[in-house]
Amino acid sequence: MSSPEKKWKSVESGPHTYEEALHPVVRKNYGKWKYHEIPKPGVLVHVAESGDSIYTVRAGTPRQDTVDMIRRLCDIADKYCDGYLRFTVRNNVEFLTPKQENVEPMIRELESMGLPVGGTGMCVSSVSHTQGWLHCDIPATDASGVVKSMMDTLYEEFRGMQMPNKVRLSTSCCSINCGGQADIAVVVKHTRPPRVNHDHLAMICELPKAVARCPVAAIRPTVVNGKRSLMVDEEKCICCGACFGACPAMEINHPEHSKFAIWVGGKNSNARSKPSTMSIVAHNLPNNPPRWPEVTDAVGKILVAYKEGGRPWERIGEWINRIGWKRFFEETGLTFDEDMIDSYRHARTTFNQSAHVRF
Amino acid sequence: MSSPEKKWKSVESGPHTYEEALHPVVRKNYGKWKYHEIPKPGVLVHVAESGDSIYTVRAGTPRQDTVDMIRRLCDIADKYCDGYLRFTVRNNVEFLTPKQENVEPMIRELESMGLPVGGTGMCVSSVSHTQGWLHCDIPATDASGVVKSMMDTLYEEFRGMQMPNKVRLSTSCCSINCGGQADIAVVVKHTRPPRVNHDHLAMICELPKAVARCPVAAIRPTVVNGKRSLMVDEEKCICCGACFGACPAMEINHPEHSKFAIWVGGKNSNARSKPSTMSIVAHNLPNNPPRWPEVTDAVGKILVAYKEGGRPWERIGEWINRIGWKRFFEETGLTFDEDMIDSYRHARTTFNQSAHVRF
Amino acid sequence: MDGAEGAASQEVHHCNECGAHSGEKFLNPTPMLDELEKGPWPSFISGFKELAERTKKPMLRGVMDQLEYSYNTKMGYWKGGLVTVDGYGAGIITRYSMIKDKIPEAAEFHTMRIQPAPGLHYNTAMLRELCDIWEKYGSGLIALHGQTGDIMLQGIEQDKVQACFDELNQAGWDLGGAGAGMRTAVSCIGPGRCENACYDNLKLHLHALKHFVGVLHRPEWNYKLKFKFSGCPNDCTNSIMRSDLAVIGTWRDAIQVDRDEVKAWIEKKGVDALVNQVINHCPTKAISLKDGEMVIETRDCVRCMHCLNAMPKALSPGKDRGISLLMGGKNTLKVGVNMGSLIIPFMKMESEEDIEAFIEQIEAIIDWWDDSGLDHERIGETIERVGLKQFIEGIGLEADINMVTRPRDNPYFKAKY
Amino acid sequence: MDGAEGAASQEVHHCNECGAHSGEKFLNPTPMLDELEKGPWPSFISGFKELAERTKKPMLRGVMDQLEYSYNTKMGYWKGGLVTVDGYGAGIITRYSMIKDKIPEAAEFHTMRIQPAPGLHYNTAMLRELCDIWEKYGSGLIALHGQTGDIMLQGIEQDKVQACFDELNQAGWDLGGAGAGMRTAVSCIGPGRCENACYDNLKLHLHALKHFVGVLHRPEWNYKLKFKFSGCPNDCTNSIMRSDLAVIGTWRDAIQVDRDEVKAWIEKKGVDALVNQVINHCPTKAISLKDGEMVIETRDCVRCMHCLNAMPKALSPGKDRGISLLMGGKNTLKVGVNMGSLIIPFMKMESEEDIEAFIEQIEAIIDWWDDSGLDHERIGETIERVGLKQFIEGIGLEADINMVTRPRDNPYFKAKY
Ligand code: SRM
Ligand code: SRM
Ligand code: SRM
Ligand code: SRM
Ligand code: SF4
Ligand code: SF4
Ligand code: SF4
Ligand code: SF4
Ligand code: SF4
Ligand code: SF4
Ligand code: SF4
Ligand code: SF4
């Protein structure tokens, strides 16, 4: 790999340093902030002990950006923010300035560029999502496309602050779920065990690796056409797709049998209740590019019910815990079915071990 | 087994019928009760829709009774209750009478017989317990003796109603815990893997049964002195004693190594919180007949703290859930140790998967 | 059994030959056990001694000696065996002494498990007759009751078992369960005295246990199966924790509220008590305070019983009553304690047909378990191993969200495709 | 891959030879993708098109064609490979097209993961330089940011990777993680703007990631290991769910209360709001209402942040600040999602020594995992398999009740004897 004409010896510096990336007012008040307010959607003001204030304007981005887009963001930062900007962990861009008078012009300019200003407080923020067909080697769908379709319908929820509490969404293109636990998550769900591509497998697969990867020991060595190969015990297989990550010949993706599931109630903050994992509330939704209307529709139903019924500060999972799952299904029009009963490793802990019952 | 002189052909009747065992006032108002009150400890009055009342006087018994004791109870029932009595699921005897004027004389007579009147409402009721050395074939201690020792110290708690809510105790002579989950439970805890009695085993054991009984596959067939026998992988063994139930040659009981553990927070009712299993809060207490002072002492500490700190209707587990385990250990003077961290099948669900922390 | 001998602090004096000499104590000294005669709580040792001194039954002396020996050595000395009565395969817990060379009087000490009436109700005639028969054949020791609900007649020799049973059986008593079959059941007092009873649990108990009496007497399943019948979710029989089949009364409609009694309660105890002792304890925030009074939102109520317990005069269960069936309760062995879980949210339990439908349902459940269970595997363990979904499919039930606390948090299932 | 062909509703037209003819569209028709230009949310497709039409990079046209083909066939067509830079073993996600015979322009489409500054802060000079280098060597597509926190420069051919990296590296950028080693970390904005930050997470992030830079570039563990640094328990980096090592700011003493601001809040929002939106949401009932004001019982507070969030002017974290370390977070693969759990309740994080002590602790943890873990087993899986007790013993920590929600409910352990 080493090239003879190489002149530069790599510096293993790790993360880029941050000091020069901080606005001078931030540097001055570093670690000495007193409180914040949200004067309007998309705008935060943080007040320091020194009395200084810094204004933040937050805008949505497509996340799958281009150098053109980034340069435009830099133009804004140069014009209004002394050349500083940052991104949030949810792919929103933030412009920080001590100058209150820059806020409104900046908002106008961002919106005219097509970037919605919002994503603060009790809103639906941008979707944390993944690679999909654009880049990943194991996806069953395209995350960016699902996200774009979904956010088109939730545009005003991003730009407003009308929800009971923050709503975090995520979308993932396989069950691994690089997108993460969220208030509402849209995740590919395989429904059919992998078909083994024996020819392909003979060429590429480290057999023991694929066998070891299966969490339920459903993969066994076999011989096909005189070549060592693998077979899947379809009774045992739980369609997790782990083997496909280890060996591309374990073909689990399928245009019809790779579906979508909708999950709710994931919460990662420690505020009030402990962090909680999400629960499945719909599955068998078709993988329907380019606009995935069935997915968008299900997400919409959940948000309508939550917006209507949630009390201030209740995250989606907390709202459901109060009203109960029975009412959640009633009010969203989704259907509980037997596949939603846990059957995995700690399934017993999800059984209703009480006479508490709702009619 | 059949004997020639047998004249009676068994009637497989199952449970004894109950109608003739019900007091006429009970029969009349069967299923038509309106409400109850507890006028004083040990006394209940139930009022029927008809306006009838029935008084109940409840008293503790040793549970390991004799015909002499039972006949004395019958004498009381004949004298005050028209010949009717019953027992509670916690081994207390109950005398039911429609005559209020019988209540006080009955109490006096019971107490003078040495039977404490109480066990109602927010009290410590009798201990549900087990056979121990008196009758069982696998016990490491004597349940009745532990119970007697404990109740001597809790006598006034049985006769009063001074607790935040009901306190249910249980005691068991092996980890199987026939005594059950309770607010406070005293249960034998083996600390050492079974020693295999190879001579004995060769004679009596169905080997595959004992092997199959082990929940962690710690038992393996082996050969000792030319005879088929079993061996225990002590690394794996979790000292559960299950094998001993299947084969008496798997000697797990030991006068020193079979200890006591104290458990708290078991709750079986559905009132307020769901039923909950109990948690270990002390172990390695010696098996110390005839009075087991270390056990009695630990139980006492828990009850003192609960009586002091519990709010009305909070069961012990609910009290702890409110104040937190950290404070529970502080206030009872017991010590949390690493063995109390769950390591069994659903251990992960007990990890603190949050940043919620108490200092 | 190493260690036991070393730990023995003293040897018991045995007087195998001596009978009952007048004036002299019948029992051998039991200094350890005597410690259990101290203190205010009624002493089982005093009871045993009284019985032994009166009846002079050698078995009682032997049992006291062996117990004293156990207190000294901190080890038990009973081993099992197999004693039954004609045509039955269970119901007698057989005990032979492992130290009968030392203490021959307690060589045999079997227990007869007897099924009491549902609700543990007695009249004195029944009970006296029981005592008389028992004193005639057995030791005279009785435990009222065993944790599973049996009358335990403790201490009989093998050769007296059949005669004793015949006489008991003629008096209306039958043996209880043991081994891998149906077990004796327990019911709370239910409609016999309690205003919370939502169904006639005594009646259902009697019917169900009569129905399954064959397999109770002749066990043939994978493992034991226990019923418990509680009239309401207070679950005074601990059925959720202690029984494979927990039958718990409940209701579907609104809690019945007596407005005047609510007012009277608040007047007496105050609004603070209403808030702190009732409203704040409702697990689902179904109760709110409105104009100094309480309002219950029925669809938020989970029938926990708390508010009814706190205000027994003012609140009572709704009128549309029936049962919930929970399954899989058991204590600690092997898999750790398993609380029963809700399988059938609601069944009516009023008519004979309701009872029949219930028993048919239970038969279907047992059939499934018979097919799917392993040896020494309680039904709750089978359900956990095989899967709740597979179980409800197996017995033909619809999935109901009440069965679980939440939908699954992992995608690891194979849906129909 | 059966089904894919059948599902293809149309074949894409390919124009492999055509370059950039003025006036003519550079891109092939992508009717499916064009649907994603509709609607108000900013469209990544419009961005891609704009870039492609301006730069006329064939790779971009190929990628659009392949994506359109995926939208039609509902299948993905990338496969992995191994591309690195001199001396590194990770950091480039290699992608070769499986249909390069159909669409040769996208034969290679590798991603370079670049570590941004902690807190995702930039100045425009840095960012413009980055864009310029990237446009020179790569496609010009950038994702800001990947879920793990990397700048993802998407679309470069193998033969340009080294040169591109060298230039980036000279400008102060370094590759991020991939494979079985340390991964790129994320920090919330922390002391850079947030009043809740309880430690300098940007500084710790920088130190820790520099310390582990070797194994980030040359992975050699069982599996990946991710750090995330959140300034407080609001956990704005989702560290508990998404990282093996979640470093979360907290405090030990009492919440700081500005009485005047509390009064102002209540005056503005009312006592009802205080009760319903603050007091009733405290998970441990640590807050009570007293004389129309709030009182916090410090020893009942679990540092959940809620009351501080609700009253940011009035309440702030205590003064005795530091971090909690949670471990084992990961998403769904194989064992189902595992939230990180509390391992070290508190460490000070102020001085250089504190940072060193922290890094030593992490080294000890990694050593244990290196010894105890299996291949492709995240550290949380190892802890679950081996046991939390064994883990804390292994790294020399004391058991702390904060590590668990409750003591065990089964007796199945072997204590020292
Ligand atoms: C900018 C950002 C951190 C960063 O360095 O990038 C951030 C910034 C703030 N968060 Fe956050 N949070 C950010 C992601 C998160 C995340 C992670 C995520 O979104 O993936 C969480 C956990 C979400 C979860 O639980 O699943 C998160 C949970 C919170 C909470 C707790 C909310 C709750 O009640 O559960 C607060 C408290 C609050 O809202 O007052 C909070 C509060 C805040 C405050 C108010 C803190 C402060 O005083 O400055 C900041 C402005 C919030 C706002 O936008 O309303 N932040 N915050 C992230 C913005 C994401 C975005 O663009 O939408
Ligand atoms: C007599 C008995 C049923 C029987 O058929 O034998 C019984 C009878 C009553 N129970 Fe019970 N319970 C009886 C065992 C139980 C048990 C099981 C046990 O003790 O092993 C429980 C579950 C315990 C647990 O959760 O571990 C039990 C949980 C309750 C509760 C719920 C308590 C709670 O708040 O968790 C109530 C409600 C109450 O106390 O008002 C209750 C209420 C009652 C009431 C008030 C019902 C009524 O209106 O008549 C009865 C008088 C209670 C009293 O003594 O204060 N009963 N009750 C049992 C008496 C046991 C004893 O002698 O001490
Ligand atoms: C006598 C009794 C204790 C008492 O003093 O009350 C008892 C005694 C024994 N139990 Fe039990 N259990 C007794 C109620 C219970 C209960 C409580 C209940 O039924 O409500 C439980 C917990 C609930 C449950 O069923 O899990 C209980 C859970 C066990 C277990 C563990 C079962 C499990 O799957 O976890 C065993 C072990 C076994 O079956 O192999 C067991 C086994 C035994 C054996 C048969 C031990 C043996 O394998 O030889 C004991 C015989 C003692 C003897 O010499 O009489 N006993 N046993 C109770 C039965 C009396 C009766 O018939 O009324
Ligand atoms: C690019 C990215 C998604 C995105 O669009 O943002 C991503 C993409 C991939 N992830 Fe991921 N993961 C990405 C963040 C995550 C996260 C989120 C996080 O780090 O905060 C998770 C969940 C948290 C966690 O670590 O569990 C995540 C959990 C996984 C897993 C499952 C790990 C597990 O133990 O559960 C795998 C499978 C594996 O490692 O074998 C995986 C594997 C992959 C692979 C390498 C698939 C593969 O085996 O070839 C994907 C490469 C896609 C590509 O072509 O670039 N990715 N992955 C994220 C990394 C960007 C970056 O460096 O910034
Ligand atoms: S979720 Fe799956 S398919 Fe999507 S980027 Fe992550 S690993 Fe790839
Ligand atoms: S999909 Fe999952 S369960 Fe099925 S064979 Fe592959 S690894 Fe095993
Ligand atoms: S708890 Fe154990 S020793 Fe005691 S009676 Fe039950 S099975 Fe026997
Ligand atoms: S005591 Fe339990 S774990 Fe140990 S060998 Fe016996 S059955 Fe197995
Ligand atoms: S379970 Fe219910 S019905 Fe039965 S005695 Fe207890 S409170 Fe009454
Ligand atoms: S019964 Fe329980 S759940 Fe229902 S309203 Fe009363 S307290 Fe609430
Ligand atoms: S985690 Fe805490 S410190 Fe960091 S940004 Fe969020 S609220 Fe602020
Ligand atoms: S931080 Fe959370 S736990 Fe602490 S007092 Fe505030 S709301 Fe309660």
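Quick note on labels: first sequence line is chain A, next is B, and so on, each numbered from 1.
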Checklist entry - Does any N or O in the side chain of Asn169(C) come within less than 3.5 Å of the main-chain N or O of Val11(B), such that one atom is a donor and the other an acceptor? => result yes
Next on the checklist: Run Lys32(B) and Glu195(C) through salt bridge (charged side-chain N to carboxylate O under 4.0 Å, His left out) and show every step you take.
Outcome noted: CA-CA 7 Å; Lys32(B) 294 192 187 118; Glu195(C) 71 272 20; over 6 Å; no
Next on the checklist: Less than 4.0 angstrom from a charged side-chain N to a carboxylate O is my criterion; do Asp375(C) and Arg213(B) meet it?
Outcome noted: no
Item to check | Which portion of Phe48(C) sits near chain B, non-hydrogen atoms under 4.5 angstrom | outcome: both
Checklist entry - So does Arg71(B) pair up with Glu135(C), basic N to acidic O under 4.0 Å? => result yes
Next on the checklist: Can you tell me how far apart CD1 (Ile240(C)) and NZ (Lys267(B)) are? Round to the nearest 0.5 Å.
Outcome noted: 9.0 Å
Item to check | chain B contact via Ile93(C) - side chain, backbone, both or neither, heavy atoms under 4.5 Å | outcome: both
Next on the checklist: Is Val161(C) close to chain B through its backbone or its side chain, or both, or neither, when contacts mean heavy atoms under 4.5 Å?
Outcome noted: neither
Next on the checklist: Closer than 3.5 angstrom, by distance alone: can the side chain of Lys148(B) be matched with the main-chain N or O of Phe44(C) as a donor-acceptor pair?
Outcome noted: no
Next on the checklist: With rounding to the nearest 0.5 angstrom, report the OG to CD distance, Ser13(B) to Gln115(C).
Outcome noted: 7.5 Å
Checklist outcome for this item: If one checks every heavy atom of Asp75(B) against chain C at 4.5 Å, the contacting part turns out to be both
Item to check | Check: Asn123(C)/Glu20(B) side-chain N/O donor and acceptor closer than 3.5 Å | outcome: no
Checklist entry - Considering only heavy atoms, which portion of His211(C) lies under 4.5 Å from any heavy atom of chain B: side chain, backbone, both, or neither? => result neither
Item to check | Distance (rounded to the nearest 0.5 Å) between Gln277(C) CD and Arg311(B) CZ | outcome: 11.5 Å
Next on the checklist: Closer than 4.0 angstrom, basic N to acidic O: yes or no for Arg54(C) and Asp68(B)?
Outcome noted: yes
Next on the checklist: Let me confirm one number: the CG-CG distance from Asp65(B) to Leu51(C), rounded to the nearest 0.5 Å.
Outcome noted: 11.0 Å
Item to check | Student check: side-chain heavy atoms of Trp78(C) and Leu134(B) closer than 4.5 Å | outcome: no
Item to check | Under 3.5 Å: donor-acceptor pair, side chain of His16(B), backbone of His121(C) | outcome: no
Item to check | Parallel, tilted or perpendicular: ring planes of Trp313(B) versus His306(C), cut at 30 and 60 degrees | outcome: perpendicular
Checklist entry - Looking at CZ of Arg90(B) and NE2 of His145(C), how far apart are the two atoms once the value is rounded to the nearest 0.5 Å? => result 15.0 Å
Checklist entry - Does the side chain of Ser149(B) come within less than 4.5 Å of Leu36(C)'s, by heavy atoms? => result yes
Item to check | Pair Lys34(B) + Glu261(C): basic N to acidic O under 4.0 Å | outcome: no
Next on the checklist: With a 4.5 angstrom heavy-atom cut-off, is it the side chain or the backbone of Cys194(C) that approaches chain B, or both, or neither?
Outcome noted: backbone
Checklist entry - With a 4.5 Å limit on heavy-atom distance, are the side chains of His346(B) and Val335(C) in contact? => result no
Item to check | Between Ile138(B), Thr88(B), Thr56(B), Ile252(B), the one whose heavy-atom pairs under 4.5 Å with chain C are most numerous | outcome: Thr56(B)
Checklist entry - Is it the backbone or the side chain of Leu374(C) that comes under 4.5 Å from a heavy atom of chain B, or both, or neither? => result neither
Item to check | Toward chain B, the part of Ile142(C) with a non-hydrogen atom under 4.5 Å | outcome: both
Next on the checklist: Between Asn270(B) and Asn234(C), is the side-chain contact (heavy atoms from CB on, under 4.5 Å) condition met? List the steps.
Outcome noted: CA-CA 6 Å; Asn270(B) 295 279; Asn234(C) 277 332; over 6 Å; no
Item to check | Reported CD1-to-OG1 distance for the pair Ile70(B) and Thr124(C), which is rounded to 0.5 angstrom | outcome: 12.5 Å
Checklist entry - Do Glu37(B) and Lys313(C) sit within salt-bridge range, that is, some charged N less than 4.0 Å from a carboxylate O? => result yes
Next on the checklist: Are Pro289(B) and Lys74(C) packed together at the side-chain level, in the sense that at least one heavy-atom pair is separated by less than 4.5 angstrom?
Outcome noted: yes
